[in-house]
Structure formats: structure tokens, C-alpha cells
Amino acid sequence: MDRAPDRIVNTPSAATGLPTRAPLLSKPAWAAFLFALLVVCALAPVANLWVPPDSPLHLSDYAVALVGKIMCLAICALAMDLIWGYTGILSLGHGLFFALGGYVMGMYLMRQIGREGNYRSELPDFMVFLDWKELPWHWALSDSFAATLVLVLAVPGVVAFVFGYFAFRSRIKGVYFSIITQALTYAAMLLFFRNETGFGGNNGFTDFKRILGFAIATPQTRMVLFVLTGIALLGFLLLSRWLVTQRFGRVLQAVRDAETRVMFSGYNPVHYKLAVWVISAMMCGVAGALYVPQVGIINPGEMSPAASIEIAVWAAVGGRATLVGPIVGAFLVNGAKSWLTVTAPEFWLYFLGALFIAVTLFMPRGLMGLLRRGDRS
Amino acid sequence: QTSGNTIKVGILHSLSGTMAISETVLKDTALMAIEEINAKGGVLGKKLEPVVVDPASNWPLFAEKTRQLLTQDKVAAVFGCWTSVSRKSVLPVFEELNGLLFYPVQYEGEELSKNVFYTGAAPNQQAIPAVEYLMSKDGGGAKRFVLLGTDYVYPRTTNKILRAFLKSKGVKDSDIDEKYTPFGHSDYQTIVADIKKFSAGGKTAVISTINGDSNVPFYKELGNAGLKAKDVPVVAFSVGEEELRGVDTKPLVGHLAAWNYFMSVKNPANDEFTKKWAAYAKAKNIAGHKDKPLTNDPMEATYIGIYMWKQAVEKAKSTDTDKVIAAMAGQTFKAPSGFMAKMDEKNHHLHKPVFIGEVRADGQFNVVWKTPGPVKAKPWSPFIEGNDKKKDEPDGKSKV
Amino acid sequence: MTPDLLEAGAQRLATHEAAARHATESGGRQAGFARPAVPGEVDVTHGRILYLEDVSVSFDGFKAIDRLSLDIAPGELRCVIGPNGAGKTTMMDIITGKTRPDAGTVYFGSTIDLLRHTEPQIAELGIGRKFQKPTVYEQLTVYENLELSLRTDKGVAASMRFRIDSAQADRLAEVLHTIHLADAVTRQAGTLSHGQKQWLEIGMLLMQQPRLLLLDEPVAGMTDEETVRTAELFLSLKGRHSLMVVEHDMSFIRRISDIVTVLCDGSVLAQGTLDEVQADERVIEVYLGR
Amino acid sequence: MFRILLLLLAIYASSAAHALTPEQALAMAAGETDARIQAVQQAAGAADPQATQLLQALADDAVKVAGNRVFIVRGEQAVDAVSGQPADLPADAEDVISNNRMRGEIETALAGIRLFSTDARERAQAVRSLASEPDESRLPLIDKALQAETDASIRAQLELLRAAVMLASDDAAKRREAALALAESRSPATRTLLLERIAAERDPAARAAMQSALRSVESRLAWAERAGQVFSGISLGSILLLVALGLAITYGLMGVINMAHGELMMIGAYATYVVQGLFQRFAPGAFDFYLVAAVPVAFGASALMGAILERGVIRFLYGRPLETLLATWGISLMLMQGVRSVFGAQNVGVENPSWMSGGVVVLGSLQLPWNRIVIIGFALAVLAAVAWLIARTRLGLFVRGVTQNRPIAACMGVNTARTDTLAFALGSGIAGLAGCALSQVGNVGPDLGQSYIVDAFMVVVLGGVGQLAGTVYAALGLGVINKFLEGWAGAVLAKIAVLVMIVLVIQKRPQGLFALKGREA
Amino acid sequence: MLIAKNIHQYYGGSHILRDVSLEVPAGQVTVLLGRNGVGKTTLLKSLMGLVPIKSGAIELDGQRIERWTPYQRARAGIGFVPQGREIFARLSVQDNLRMGLASQPSGTPVPPQLFELFPVLKQMLHRRGGDLSGGQQQQLAIARALAANPRVVILDEPTEGIQPNIIKDIGRVIRRLAREGLDGRPMAVLLVEQYVDFAEELADHYLVMERGEVIARGPGSQMQGVRQLVAI
Ligand SMILES: Nc1ncnc2c1ncn2[C@@H]1O[C@H](COP(=O)(O)OP(=O)(O)OP(=O)(O)O)[C@@H](O)[C@H]1O
Ligand SMILES: Nc1ncnc2c1ncn2[C@@H]1O[C@H](COP(=O)(O)OP(=O)(O)OP(=O)(O)O)[C@@H](O)[C@H]1O
Ligand SMILES: NC(N)=O
Ligand SMILES: [Mg+2]
Ligand SMILES: [Mg+2]
């Protein structure tokens, strides 16, 4: 991963004595970025598909699945960083947007199963089971991949917009905002758990067969999804970086520090918060859509309050307002989880808990804080 | 799949998160069975090496761990899962990688996979007999039914089947009250009040498919609200000895549960099983069980599963999935239930006896009714429309 | 040309212009009919840039502002004094939309009803404010604080495209110089001393180029010498901008004042030149002391 | 074959009104349910003390059979059921298992005997037992009891019972009379009975009387139901309040986003469990008072843990509230796993002491469980204590001051470190009290805390952070609203509706219900 | 009474206080002047223990206190009026004053003299501190520091935002406090002030700081040149 410099303005320019704008990425950061892109798009596929399994350079299917999954989660962490790290709004409901994106994709994948389900029906199994005779209205567009792509962005986007508009307009701040986002995702979880809601209840969607006509469980399809996820992650990183280096990003930080002052400077914080909130939600939606075909299941558990808190934890572990930090945090925490649940199944929670405590106590600015000590005090 | 002198087997039960309450003990049961087998020389002359992982009650993590067990650890078989959703989550992985899963918990049926052996009960091995009993004279001759469950697929399916069954017995829709509560629901005041009200309309029984944590508050409320088993009996399908550990059972005496095994059944196989478990729990210092060892139905099912797999491997002389699947057909095992459990020749489910037990003051069950012998499982319940056309055999098996 | 020279020049020019404008009721513009009202443009043809009438507000029964009426001419520098708790800050809160009055009217120019606008809208209309307690973006650098305050399109889309141009950069440099923070451009604002924050906040106001500046105790915590410089700065702004300054520092007021309004218990107690006001027995009684 | 013979013998014997014979005893204890029931009914008719004892033992599952002999086994001691003499229990003795039906019969039989007990409470209990199944065959028994009964309230109950039986009389006038009498009943069983009889009634006058009786019973039942709903709302509210009170201190006042709050409750619940165990082992006689000892222990255990956490972790995080989220999340993971390691992953059993079991019957049909009543009282007591501490003591003042401005509070001479530790320990201790209370209504397991943490935060935030009064209103409001919605829309939808309502209320009150308006807010 | 010797202090890498020494004798008013950002507040915070000093010594009545925590120093008798008021916004005026009594045994009443001095506080006893006007808050901050009847009182720009007649009162009070305290015992007063006229009136001693160093000091009667020093 690259190490984008966090400072936006740092070097005073010779001519005016004024600082110049920070570039989108510094030279070494560009190099790191391009290298990461190369790894994702070329090295990983080669190592997985063409290097023979007994070679030490071989990348196992398991690793592909694992890293693919974590990259999706890292997108969420990145989205969380925009809204929490830069704007100071702690969302405890980002899991909802992730799940919504996932459900949109899941609906498409369910339809792709066609008549190969248990009941050999055009309808998804759980609908046959509930004695439904036709698709409910909210499944109308689910057989179109194009519509699915639009909805993956639109559904979380619209939900976030409506919710955010009212919340920000009412000047709900701080923990009050955090708690209502939690209430939102919790309510959504209960709603999705209900079988009558039409999303498969507790089981959610699983047992997918195809995506765009390609079998979903082949190494090739999986690698394509992996590459797409990698590109999405790096793309969102670049997008986020661009956003925060623009004046937009500085207004966000200003909102975080002194919202009243922002208003008296003529900015409408509602618009700014809403914009970043919706962008952040849509990023999560994309992450969810990429996640579902890779892990093969989506269910309301993703909307549980704990799942959303975890996203915040990744961001905090990595280091807020650093962009790269949350990605690192997502990799570290989830990697540790995957590793420890096997090597120390009975003790891994101690390690993970201790990790969180240690990070807060000894690395107040997260892992990235270690790399830039003394940058801000 | 066999490396050197050991054969690896995976154990995939949640040791943390909400399901740890139920699943942890299955991990220990599996470890006990493996230790026993190893003590007797292992399988095919090789020792079994358990690979324990913690999927942490997280369904996607179940799938990930399965992939890891099958591709990284190359285990010969996996014993695991409790909830149906976790099974659904791992199923595609087992099918893709042609692995082998032994699933030890009663479930809703409506599924058959060549890569799974179901050692828990199908609805006809638990729910249907229980309701028949409730309607009988001894069971109290119930005429009205409250179907109370946690809102997820197992209770929903079971209740769908039961509704159809009750209908076939002439029970009117107005005499059936179906209710669901969310997972983890902890305040049953309203529900119990509703049951009380409903039961004023005639002899009523409650069929509870409440799962997990909600059972304790439900039973506590029931006890304190004065609903006695002789007035309104509750029969539960997910409440066993382990669940009652957390409840003061004195007010619950007489409420019922239906299972394929109770710790209290008396027979030599069970005596041995419970003794071994008590000794094992003590030796391994298993929290809770070292002081008060309890066995239950899913533990028995886990135990049977491991032994049957061992027998099948020995019969096949290989741990190759397809060969083991073929060899599993018709395997028998003298189960702690006291009966000879048999793996069906075709449908991957066990033939098991059905017991109905009444709660005793000590948290154990008195068996008040049982089937004369093992019952064949019907994973495709005849009470569900369209199931009559289903094959009683997983697809793709014939390719072996 | 150094910024200092520029500043001195501007100041002289401004003083001259202000004097000229003050000669007329409308602040240098023709009073007249049928002039097209430009939306968003402040209409000062009636000679008033700010107009409060019968404004009242109370908190839990306590009348903080009580039927307050007050107006300010374009280009005027109005000083407002009054005892602690007289309602000066509350009045500014009302003008900037932070507090909604229970009754009364507040107009910006003769067409814009401020009570219908939100805080950011009011700021966009051209009213800038310095708070009694210095309020800056603590996590941002001095440079970023000023840059954010630049007068430009404050919309979301615009903020994603924004590039500072050379005129704006020059202006920023000039303001930096004026507020003595040129050495501290890259310092985080949170680490400035109290007085430095006061200056920075004034600088942010200058960047905003508002039509009307509301300054709540701008020289609190400044040295006498800096107070003098601030006075000069305000005088230089007078004419181009309208200012309302709240202060308790009489020497500062003396330096800058034309008309002084004395607020007490939420309404105007006295108004006039400083000398007039200082001679008023009631003002001496409640405020100045003997 | 042999059994049937025995049975015949037994019937013969009993009709001769002899004392309990071995055959009779065996017939009651072993064989097919139908035959056993018959034997029990016979024994009840005889009302001989030995038979009564056997019946009681059967009801208590304290009977064993070996061969032809029946034993009553209480504790270690076995006595021969027939002779009443102590006896050695043969090794092959088997438990007698009674199913629900059997148990019901035994109970009725006992009730028939107890109707003439000298203890008024026993008689009242017996009437209540008989009331559930009015049966004509008991009419002589009831009449006899009525003649003997002196206690007015028991008489009234007996009259009602008699009326219920008479409702099936052949004489229409008597049926009418019975119906009129039944109008006074408060029992849901009367409603069932009336409904049944109305369907069968041919006589118009009797029918009208029954219908009017039904109406009055139903309206009384409806009142009871409404009262029940309010009670359950308040009960849920009191639990939410208990759960939220500690958080109102650690989070509301101190600003620590304490994700481990639930686990501190869990510690309180496990402390209760441990105390229970100690009582069981060392003071079984005083078992009913274990809860009294458990309250301070639960408080102490959680407070101690809270103090350790504060000293070890939290105190480094003041002024960084969001980071407390991360650290306490970690702490909660560790505490949960810690409990799993020590006590096991499964739930542990905590029993209600006998004075908290069962309930008090009000309005005839509404049974209010004692454990819930006690918890409501407990919650109020804790609330009063917390309110006093925060509003009236210096510690309360210091806590509020310290959390608002730590350095300046220190400059005023407040030992901020000690204040913080005390306050956090106090909040944690209250969480422990909540855990102790929860152990009386729900699960005690490693996940106990997780199921309440979200609710706890909702309550504190909805009420307004730092506003104790707000917390109270939010808790009770949510409890009652939730219960009313639940009665109407079901548990799942009610919960969703309540969550949506929280979102909407905060739109209107962005600082919680009880935000004080002010400049700084 | 209060003595600081050779104090050095840093924020991160920047050297804020360079070898500052001063003495605040009881019964006298010591005034500290200096331009914005020279380190006056930092020095006071160091004396109070709010920021750690790198080296140097602080003595109170001959006792070394530089390792003490702020609350120990408060209990030893140092009262502090911070710059920017820093009142407890969500506590009532009364509770703010009770906080000022934290170093005293519980039950100590608020000295009634304070209400004579700041009558507005009496009127607003039950209003929340944060709702007060700026000047009222400043008065509250002073009253709060005096409530515990400290031996040494440190005031950081106490007149900021206060109306002129009350400033005059405050001046009188400070002088009186120095001479006789609240209870007849003289107090040591250390005052940071930008308002030179006011300072000149009160000062028994003065010090001038520049870039973290004391560049001038002397008796209050000889402050004529100070105005120039404080200017750029
Ligand atoms: N939200 C509020 N709640 C209660 N009282 C308030 C509130 N806001 C202001 N007040 C009261 O209103 C009065 C006016 O306050 P304001 O801050 O406007 O005074 P001011 O003239 O600015 O005083 P100063 O010169 O001290 O800054 C004060 O008495 C203050 O206590
Ligand atoms: N937390 C901090 N981190 C870094 N630098 C700081 C910090 N606080 C203050 N400074 C710097 O230390 C220097 C001294 O600040 P200080 O507040 O002591 O000044 P002062 O003399 O009190 O000024 P004023 O008269 O404006 O109150 C200033 O340059 C300030 O910018
Ligand atoms: N299969 C079950 N009990 O979920
Ligand atoms: Mg003011
Ligand atoms: Mg200062």
C-alpha cells in the first residue's frame, strides 16, 4: 500500500511565501500506488492462475478469497474515514449501506440461479417456500445487470441522502447522530430478518451459481472479482485523496472543528455533510456488491450494530484522517482475525481485544500515527 | 488428504459470538470422540488430527473457514455448524471443493446435498411426532395451538409443515396462532399474556421453536406468570439439557421437549457415553461441564457422526470424499439413545428414534413417549407442496 | 510596493471616501425609484444597511433583548457598548441567525429580511462576524483558515474545483501580513496564543470581504499597541464596509468611534458621540463608573 | 394380564373403604395411564392419610417402584408407601414417571382431599385447583365443603365453583341462576366455560343470563389485560432504566463511550451466580436470602472491575471520547472471552429465591410476577440513590465539573484522578446491580451484555446525554410504548417501530428529550 | 511566597519559556506584561502545573512544588483565573462557585464578600454558567478562584471583556486582597495584563516578557518605559 502524505499544504512556495497545494499524490506515493495497481491487476492473477500450486510463488485460492474479502471491507473503512476521520461524524450505521449494496447484488445473483434452485422455479427458493406466486415489486429490476450496477450506487445513496438530509438539517450531531445511525441499521436488520419483507429473512441469499452467465465458483471468475475489487479500492483511495485535497476536504475538516464558524463563513454545512455522507454510503454500497459474490452470502447480520462498530474500529486502528490508515487497519484487524481464529481459536478474542487497547493507548493516532510522529501535536 | 501419519479433520463450531453458547460443547464432544478413536489406534492406522477453528458466529466467516480447512489444511471431513444459515453459507464451498460435512443439529429439512450428512433430526423425526403426542389423550388432547418461534428459517419452515399437518388433522386456522420474536428477544411478558388469553379459548398447547438465548427469559416468564404445564403445555424443539442449565426448572416441570436423545435415557450405551463425557470434561477442565456434566441431542449426533465417518473410511479404505460417501450408506452405530442409528442408504439422514420428554425439577427430562424404533428421515416433508416430486437422494451422487 | 505602503494608501483613500459618503443619506448612492432590485444585492438606497426594530428575545422568562431598535448606515463604523449582560452578543446572534428573536424585524438593506435566512445564507449575503471567544479552525493551519474564508462560491461543487488564483493569493498574503501571522502560515491554528487567535479571526473576516462586519470584543487580550493597530485597521475598513464593534476598552472606542450606542438591559440606553455618551449620567451609573 | 387382575383387586379393595393396600399403591404408581388415573380417583375418594401421602409423593415425583413394592423416597430416606415404615430401597427400584395428564389428576385428587384441610390457605389453593376443570361429579364434594367452610372469601370462591358446575345442570332455572352468580367471576376459565355453554344453551332466559354474565366477565378481563400491559411496560421500562443508569454515569456524565458497559453487567450477573452457588453449598438453609447478599457483591465486583479498567486504560483516554469506544470495545471482547474461559460458554442457571417466584394475582386474572415487581422497586431505589449522589453530593458535583473541564477542575483543587476512578467505579457498580437484577429475569451467559448495550445507549441518548431525568423518561417511555405496540403489531414490528420513533424524536430534539436549551449547547 | 527559578518549557520542539525566574511576594501585586504569544499564559500554566516544565524549580513558601499535580497546588493555596474564563458551562453559577471550594473541606460556604463584589452572580445563582454573558463569566471565574480564599492568586487577563466600572472595582479588590486577603491575611497576586494603565495602577512589581524570556523587571513605580517594551 502506498503512503500518501497526510499534509495537504506543507511547503511554502518561494514566490509568495504562501504554501502551495499538495499534489494529489507525492512522487513516491504515486510509485507505491502504481505498484499496488500492478500487484492487483497483474501479479496476483499470474501468481494465482498460472504459477503452479507447488511453487512458492503460487497464490492460493484461499488467499485470493481472503484478500478479496478484506479489500471490500477496506473500502468500508476508507468510506468511514471520509465521514468520521475528516468530517468528525461517527456513523454507527455504515454496515447498512454495505448490506444494501450487497443485497442489490445478491438479488441479481439470486435471479441468475434461474431454475437450478431446490424447487426448480423461476422464483428464488425462499419465495416458493413462502408460497409467493410472483416476484414482489421490489425485485422488478433484479434480473438486469445494468440496473443492478445503478442500484448498487443508488439504493445506499438514496437511503443515505434521505436520512442524512433530515438529520443534518435538524442539526443532529455527535453521539446523537451516531446513535440514530445505529437505530437505523438495527431497525433495518430487524426488518430484513422478517421473512415477509422479501429478502430471505435470516438466511438471506446464498448458493449463487452464476454472474453474467459465468459460473461463480471458478478460479477465473473469482480472480476477475478480485481484480475488480482491487481496482475499486485503489480507485476510491484516489477519489478520496482527491476529495480531501480539494477545498471540499478542508471544509469538511473545518466542519469537524468548528461548525458554527463554517456557517458564519458562508458555507452551508448541511450540503457538505450530506455530500460526503452520500459519497461514503455509496462507497460502502459498492464494497457490499463486490463482497457478496466473493463470500457467497449476504444476510441481515451485516446490518447488526456490531458490524458497523467494527468498521469504525478498523478506521481507528489504522489511524483516522489518513486514508491509507483505515485500509491498513482493515487488513490488520481482519487478517489477524482470520489468522487467530485458526491458530488460537479459544484465545483470539484476548489478542484482538488487547490489540485494540494497545492501539488506543500507545498509538493515539492509529498505526499511521507511528509513521508520522510529531507531524501534528 | 492424509499427510504423513495423521488424518486431519476439521471442527467448525462457533467458540465466540452468540452461537458459542450452544456450539462450544460440540467442539469438545468432537474432540472427545477423536481422542477415543486415537486411543484405539486411530483410523486406517493413522491418528486423527483435529483442526479446530472459530467461525465466531459470523456466517461469511464460516464459508471462509471452510475454504481454509478444505484447501489449506486439506481435512478429510468437517464436523460442524449449528444454525441453518451457517450450513447454507458453507454448502456451496463444500460442493465446489467436494468436501464432506457432518451436520449434527435438528433442522428444517428442504435440503439434500451429496457433500453433507445430516445426523440431526428432520421435521418428521421431531416436530410431527411431538404434535401428535400433544393431540393424544396422554398429551392432554390439545385442540388449539400457539406456534411460537424465533423469526428465521427453521421455525418458519417447521411451522409451515406443522400448520399443514394440523390442517390435515382438522384443526381450524382460527385455532392456530403463529407468532415470531426476533433473535435475542428477552421480554416475553406480552407473548405470555397473549398465550394466556388464547388458551382461554380451549385446550391449548404451545409449540416452541424459540432458539438460543430467548428460551431462558421465555421460560422464566412462563413460570412466574403461572402458566402450568398441565394447563398449557409447551413443547420445544430447541430446548435440551444444556439450555435448561440456565433456568430454574421447578416451575417448568411437565413442559415438553422432543428429541432423538435425552441424557436421562437408560441404556448401557448412554451410561457409557455420559460417563465418558463426565470424565472427559473433568480431565479437560471444561468450564461448566467439569462440575455439572450434561449431554444433549446435538452432542449425541456429533458423536454418531464421527464414528460413522470412521467406519465409512475404514470400509472405503480411503478418506477420498466420494468413496467415503459411498461407504456411508447403510452405516450403523449403536447410539447412546439406545437404538441402532442407521445412515439411510440414500438420503444422507439418520434413522433415529423419537423421544418426548417432560422437564423434571432437576433440569433433566422424563421420557413420556417414544417411537418403537428408529424413524427414517423425510428431508422433503410431504406436507410441503411439490415435495412429493423430489428425489430422496442428493443430486450428483450417481456420478461417483 | 510593500503591503504596508499599500495599506497606508488604502487607508488614506478610504478615509477620504468615507467622509464623502457620509455626506449623503444613502451612503453615496442616489436615492430613487425604479431602480431594479438585484436579487442578492443589498439595497441601501434608503441609507440603512442594517435595521432592527422592536426586537425582543427571552430565555426562560429572562428578557435578554427587550424591544431593541437600532440601525446602521452603509460605511458606518458603529460602536456598541454596555454593561456585561446588556445583550450585545445576543443582538449579534440575532443578526447572524444564530438566535431567533421572539418578536421584531431585522433587515439587511431595505429588502432582505434576515429572519428568513439561515446562518450560511446570511454570511453569503455579506455579514461577517467575529465571536467574543475567538473561534478558528483549530486543526487547520493559519493558511487554510484564511483560504477557507476567501470570498468565492461556497457551494459543494465549486469547492471541489476551487483553485486559488493569483489575485486571491496576493490578497491572502496581504491579510497575513496585516494580522502579523506571516511567520505562522503553516502553524496549526489551535496552537496559537489567545491574542494570535483574535487576529486570525479578524483576518478570516477580512478574507470574507463582508458588507457588514460584526466584531464582538475584537481587542480583548491584545496589547495596547496592537489595539492601536486594530483601530487603524478598522478605520481603514470604514467606508468600504459597515462595521459594528462591541468593546469595553474605552480608549479603543475613542480612537475609532463616530456614533456610540449604549445598550442596557436589552435595549438602547443612550446614543451619540462618545463624549455625549460619557457625559450621560445613566451611562456613568450603569457602565463607566466614577 | 397380571396387572389387570391387580387392578380389579384394587378397585374392590378401595370400594370397601379400607386403608391403602399394596395393590392399590402399585396401581397408582405403575401401569397404563388410564388405569393409574382410575386408581388415583379411587384413593382420593377414600381420603385415607397413607393414600394422601402417596398422592403427594406422586405429585412431587418422589415415588419409586421395585417389583410389587412402592416406596416414597424423600432425600436419602425411603419409606414403604403402604406401611409408612422406613425401608431399604432395593437397587433396582425405578422412578415412577407421571405425565402431565397424570399429574393433573393427582392434583385434582389432592385438592379434593385438601378441601377439608384445617389450613385456610390450603383450602383456598384447593378451590383454585378444582376451578380449572369444573366437573359435575364433584358436586357432592363441593356441597360438603360449602357446608363446612367458614372463611368468607373461600366460600365465595366455592360458590363460584359450584355455579360453574351448575352451569351444566339439567334444570334451565338452575343454569340461569348459576349464570347470574358467575357474572361476579374474574377468571378467564369462566369465560371459556360460558362460551362453551352459550353455544349449547337452548333455554332463552338461561342463555340471556349467560350472555350478560359473559359480558361482565369479559369487561373485567379486558381491564385486567390493559392493566397487565401497563405493568409489563413499566417492568420493561424499569429494566431499561437499570441497564441505562450506570451508563448515564460512565457515558452521560464522564463521556466514556463505554462499550464494555454490558460486560460490567455480565460481571454483576455472574457475581450473583457465584453467590448463589456459595449459598447452595454453605448455607442451603438461607438460600432464600442469597439475593440480599448478591446485591452488594455484584455491585462490588463490577465496581472493582470498573476501577481497574479506569486506572489501567480509560484514564489515558479522557478528552478522546471516540477512542474510548475502541478501547472499551476491546475490553468487552476480553471480558466476554474471560467469562467463557472461566464459566464456560453456556448459560449458567440463576434461580429466583422462592419469595421472588410466582406472582401475585390481582384483578382476578392478572398475575404479576414477583421478580418483576421486585425489580421495579429495585430500579426505583437505585435511581433514587444515583439521583441523590449526582445532584446532592460533592462527588456528583466534582464528576460533572471534571468531565466538563478536567484541567480547570484540577486547578480548583479537585483530585481529578480519584474522582474519575470513583465515578467510573460507581457507574460500573450500578451496571453490576443491573446485572444482578437481570439474572432474575433472563439469561446469565457471556452474551448477556451484548443484548442490552444497544438499548442502553439508545435510552441514555434519547433522554439527553448527561440528563438523568431524561434517562428515566426515555426508559419508561420506551418500555411502555414498546409493550403497547407489541400487543398490537407483534414483537418484531414493535421493535422496528420503536427504533424508527427514536430516529424521529431525535429529529425534533437533536439533543435528546431533556436537552436544556442554552448557548453552549 | 511563590517563587519560580530558571524555568524552561517546550511545546513539541519549540522552546516557549527560556530561563524564566520570578518572585511573587505576599501582600503585593506582581504584574506580568508582554505581547501576544510571548508565553505569559504558558508561564502561568506551568506555575499551576497544567503544563510540565522541562527544568527549573517552583517554590511555594519554601516548598518545592514543581512535581505536584494541579490539585495539590490548589490545595496548597494557589487560586487561578485562567485566560478565556473556562467556567463550567453546564454547571449553575452556584455549582461553579462550589467547584471553587473543592480544595476546602465540604460544607465550607461561599464567602459572602464575593457577592458584594459581583452582585450579578447573586442574581444569576441558578443560571447555567454557559448562558452568562462573556463579562459575567469573567466575573464568575474571578469569584470562583477567590472562593477558597487562596494564599496566592494567579490571574490571566482577568479584565478581559468586563465593563469599565467593574474593572475599577476589580482593581480595588485586587489591591485589597493583596494587602489583607479575604480574612485579613495578605495574599500574593500574580497578574497578567495587557491593559497597561490598569497594570500600572496596581503593580507593586512588574515583569515584561518577550519571546519566552523576561526582558525587564522592576518596581511598580517605574513602569513608564514599559509601554514601549510591550510595543513591537
Ligand atoms: N441561552 C441563554 N439562556 C439564559 N440566559 C441567557 C442566554 N443567552 C444569554 N442570556 C443572558 O442574556 C443576557 C445578555 O447576554 P449577552 O451575552 O448578550 O450580553 P453581552 O451584552 O454580550 O455581555 P458582555 O459584555 O458581558 O459580553 C445575559 O444576562 C445572559 O446571561
Ligand atoms: N498547545 C500548544 N502547542 C504548541 N504551541 C503552543 C501551544 N500553546 C501555545 N503555544 C504557543 O506558545 C507561545 C506562547 O503562548 P502563550 O499562550 O503562553 O502566549 P501569551 O503570552 O499568553 O499570549 P496572549 O497574550 O495572546 O495570551 C505562542 O507562540 C503560542 O502559539
Ligand atoms: N437448524 C437450526 N436449529 O437452526
Ligand atoms: Mg458579549
Ligand atoms: Mg495568554
Side-chain angles (χ1 to χ4, degrees), chain C residues 59-62 64 81-90 131-134 179-181 183-184 187-188 190-200 216-217 219-229 246-253 262-264 278 283-290, chain E residues 11-12 14 16 33-42 82-86 118 120-121 123-124 126-128 131-140 156-157 159-172 192-200 208 226-232:
Chain C
F59 303 103
D60 310 321
F62 174 84
I81 59 174
N84 295 130
K88 304 179 294 293
T89 303
T90 308
F131 290 88
Q132 185 163 0
K133 180 172 185 253
I179 62 174
H180 297 290
L181 287 172
D183 294 339
R187 284 264 300 275
Q188 222 176 312
T191 68
L192 296 178
S193 81
H194 184 75
Q196 291 167 325
K197 283 182 193 164
Q198 292 273 46
W199 272 112
L200 176 57
D216 202 351
E217 305 196 12
V219 299
M222 286 189 186
T223 58
D224 292 354
E225 195 261 354
E226 304 212 25
T227 305
V228 174
R229 286 176 34 80
V246 167
E247 248 309 333
H248 292 295
D249 183 337
M250 286 301 128
S251 59
F252 176 72
I253 299 281
V262 186
L263 237 55
C264 184
Q278 275 184 324
V283 178
I284 294 172
E285 174 64 35
V286 300
Y287 184 65
L288 294 169
R290 287 164 220 277
Chain E
Y11 281 127
S14 50
I16 302 293
L33 302 111
R35 285 187 304 110
N36 293 132
V38 297
K40 305 181 295 294
T41 299
T42 306
Q83 186 167 24
R85 317 189 241 287
E86 308 256 1
F118 305 116
V120 70
L121 297 183
Q123 283 167 33
M124 309 212 155
H126 300 290
R127 198 172 296 184
R128 292 203 301 172
D131 290 345
L132 297 188
S133 81
Q136 293 164 342
Q137 292 186 3
Q138 187 68 53
Q139 296 175 34
L140 175 57
D156 199 348
E157 308 200 18
T159 59
E160 191 185 308
I162 295 188
Q163 65 189 73
N165 55 350
I166 296 185
I167 293 185
K168 288 179 191 157
D169 288 346
I170 292 176
R172 281 194 284 273
V192 166
E193 188 53 68
Q194 299 283 18
Y195 187 17
V196 180
D197 292 340
F198 180 76
E200 207 166 358
V208 180
V226 166
R227 215 178 279 276
Q228 269 61 52
L229 282 177
V230 174
I232 300 175

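Because only heavy atoms are used, hydrogens play no part in the values below, and waters and symmetry mates are left out as well, while side chains stay in.
- By the 4.5 Å heavy-atom criterion applied to side chains, C:Asn84 and E:Val120 are not counted as neighbours.
- For the residue pair E:Gln138 and E:Glu160, no side-chain donor N or O sits within less than 3.5 Å of a side-chain acceptor on the partner.
- The candidate with the highest count of non-hydrogen atom pairs below 4.5 Å against chain E, out of C:Pro134, C:Gly85, C:Gly221, is C:Gly221.
- Relative orientation of the C:His248 and C:Tyr287 rings is tilted, given thresholds of 30° and 60° on the angle between their planes.
- No part of E:Glu193 comes within reach of chain C, as not one of its non-hydrogen atoms sits under 4.5 angstrom from that chain.
- The candidate with the highest count of non-hydrogen atom pairs below 4.5 Å against chain C, out of E:Ile162, E:Val192, E:Thr41, E:Leu33, is E:Ile162.
- Between E:Tyr11 and E:Ile16 the shortest heavy-atom distance is CD1-CG1, 3.3 Å.
- Here the side chain of C:Gln196 pairs a donor or acceptor atom with the backbone of C:Ser193 at under 3.5 angstrom.
- Both the backbone and the side chain of E:Gln136 come within contact range of chain C, each with at least one heavy atom under 4.5 Å from a heavy atom of that chain.
- Of all non-hydrogen atoms in C:Ala86 and C:Leu263, the two that sit nearest each other are CB-O, 3.4 Å.
- In this structure, chain E has a heavy atom under 4.5 Å from the backbone of C:Val286, while its side chain stays farther away.
- Contact tally against chain C (heavy-atom pairs below 4.5 Å) for E:Gln194, E:Arg127, E:Lys40: the top residue is E:Gln194.
- Looking at C:Met222, both its backbone and its side chain come within 4.5 Å of chain E, counting heavy atoms on both sides.
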